[in-house]
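Written out below as structure tokens is the structure these notes cover.
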Amino acid sequence: MAKKKWYVVWRGKKPGIYSTWAECEKQVKGFKGAKFKSFPSYEEAEAAFNNSTLKPEAENGSYITESISVDAGSHGNPGPVEYRGVYTKTEEIVFAHPGFKKGTNNMAEFLGIVHALQYLKEQKSAMPVYSDSATAIGWVEKKKANSTLVEDADSREIWEEIRRAENWLKEHTWDNPIYKWDTNNWGEIKADYQRK
RNA sequence: ACAUCU
DNA sequence: AGATGT
Ligand SMILES: [Mg+2]
Ligand SMILES: [Mg+2]
């Protein structure tokens with residue numbers, strides 16, 4: 001038989017350090033997104049539990065429910081695209097674009113974030129905006145959508161909207177932080193179209 | 001590789 | 001299995 005092990009549960013029903021697999025399993029079974037690992041000594045387990053930075057998939061805290069979450073949907077990529085924003089806490093849809101004839105996933109993710117900033121500025125709200133698109137968040141920060149989509153008759157509409165959005169970003173300020181939605185730890189963003 | 005879209 | 005992006 002192997003030597004005694006210690007079990008750290010970072011995310012489970014009750015996070016903590018457990019001395020038996022049975023106890024650990026109790027905290028972890030049926031808990032979506034559970035994070036746990038065994039250690040050969042209590043010292044190592046304690047260090048790992050406290051040093052949340054050196055965990056397998058380090059994660060701290062959760063998301064802010066008082067926020068807007070945006071997401072894009074498409075039928076093919078490139079293809080017809082749309083975006084929408086929801087109130088994270090309730091999943092209530094607060095805005096939705098009817099769709100563009102042809103665009104890319106990243107263009108629609110970008111337009112969704114910008115629309116959220118415009119909407120929240122109008123509401124005089126500084127609540128955060130969540131997006132699961134690292135690409136689109138980067139484009140908003142640079143105020144430049146670096147899409148490779150060729151502009152033709154079908155994509156002209158979205159390209160014009162992209163230019164309007166870039167111009168709006170350059171001409172306005174906002175107080176809303178834009179955060180990356182951590183899909184791996186939190187599941188699909190609340191604005192997701194559930195097509196996958 | 002990472003983050004997305006089908 | 002394919003495309004959009006850093
Ligand atoms: Mg998305
Ligand atoms: Mg989605």
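Chain A is the first sequence line, chain B the second, and so forth, proteins listed ahead of strands; every chain is numbered from 1.
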Counting only N and O atoms by type, is there a donor-acceptor contact under 3.5 Å from the side chain of [X] to the main-chain atoms of [Y]?
X	Y	value
A:K13	A:K29	yes
A:W159	A:L149	yes
A:D132	A:E188	no

Q.
Strictly by side-chain hydrogen bond (donor to acceptor under 3.5 Å, both in side chains), give each pair with a member in residues 72-98 of chain A just once, sequence neighbours left out.
A. A:E66-A:Y87, A:E66-A:K89, A:S67-A:T88, A:S69-A:T88, A:N77-A:N105, A:E82-A:R195, A:Y83-A:H115

Q.
Tell me which residues in residues 127-135 of chain A lie within less than 4.0 Å of DNA chain C, going by non-hydrogen atoms.
A.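 Hits under 4.0 Å, by residue number: A:T135.
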
Q: Could you identify which residues of residues 73-89 of chain A place a heavy atom less than 4.0 Å from some atom of DNA chain C, listed by residue number, or say none?
A: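 Heavy-atom contacts with DNA chain C come from A:N77, A:P78.
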
Q. Is the shortest distance from a Lys or Arg side-chain nitrogen in A:E166 or A:R163 to a carboxylate oxygen in the other one below 4.0 Å?
A.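 Salt bridge flag = no for A:R163 with A:E166.
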
(Q) Please verify the inter-ring angle class for A:W10 with A:F39; under 30° counts as parallel, over 60° as perpendicular, anything in between as tilted. (A)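 Rings of A:W10 and A:F39: perpendicular, as their planes differ by over 60°.
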
**Q.** Plane angle bin for A:Y130 and A:Y179 - parallel if under 30°, tilted between 30 and 60°, otherwise perpendicular
**A.** tilted

Q) First and last nucleotide of DNA chain C touching chain A, 5' to 3', heavy-atom cut-off 4.0 Å? A)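 Contacts span C:dA3 to C:dT6, reading 5' to 3'.
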
Q. Who pairs with A:K101 by side-chain contact (heavy atoms from CB on, under 4.5 Å), at least two apart in sequence or on another chain?
A. A:D154

Q) Can you give the first and last nucleotides of RNA chain B, 5' to 3', that have an atom under 4.0 Å from a heavy atom of chain A? A) B:A3 to B:U6

Q. A:R164 and A:E160: salt bridge (Lys or Arg N to Asp or Glu O under 4.0 Å), yes or no, with the steps?
A. CA-CA 6 Å; A:R164 261 194 293 285; A:E160 289 185 345; 5.1 Å; no

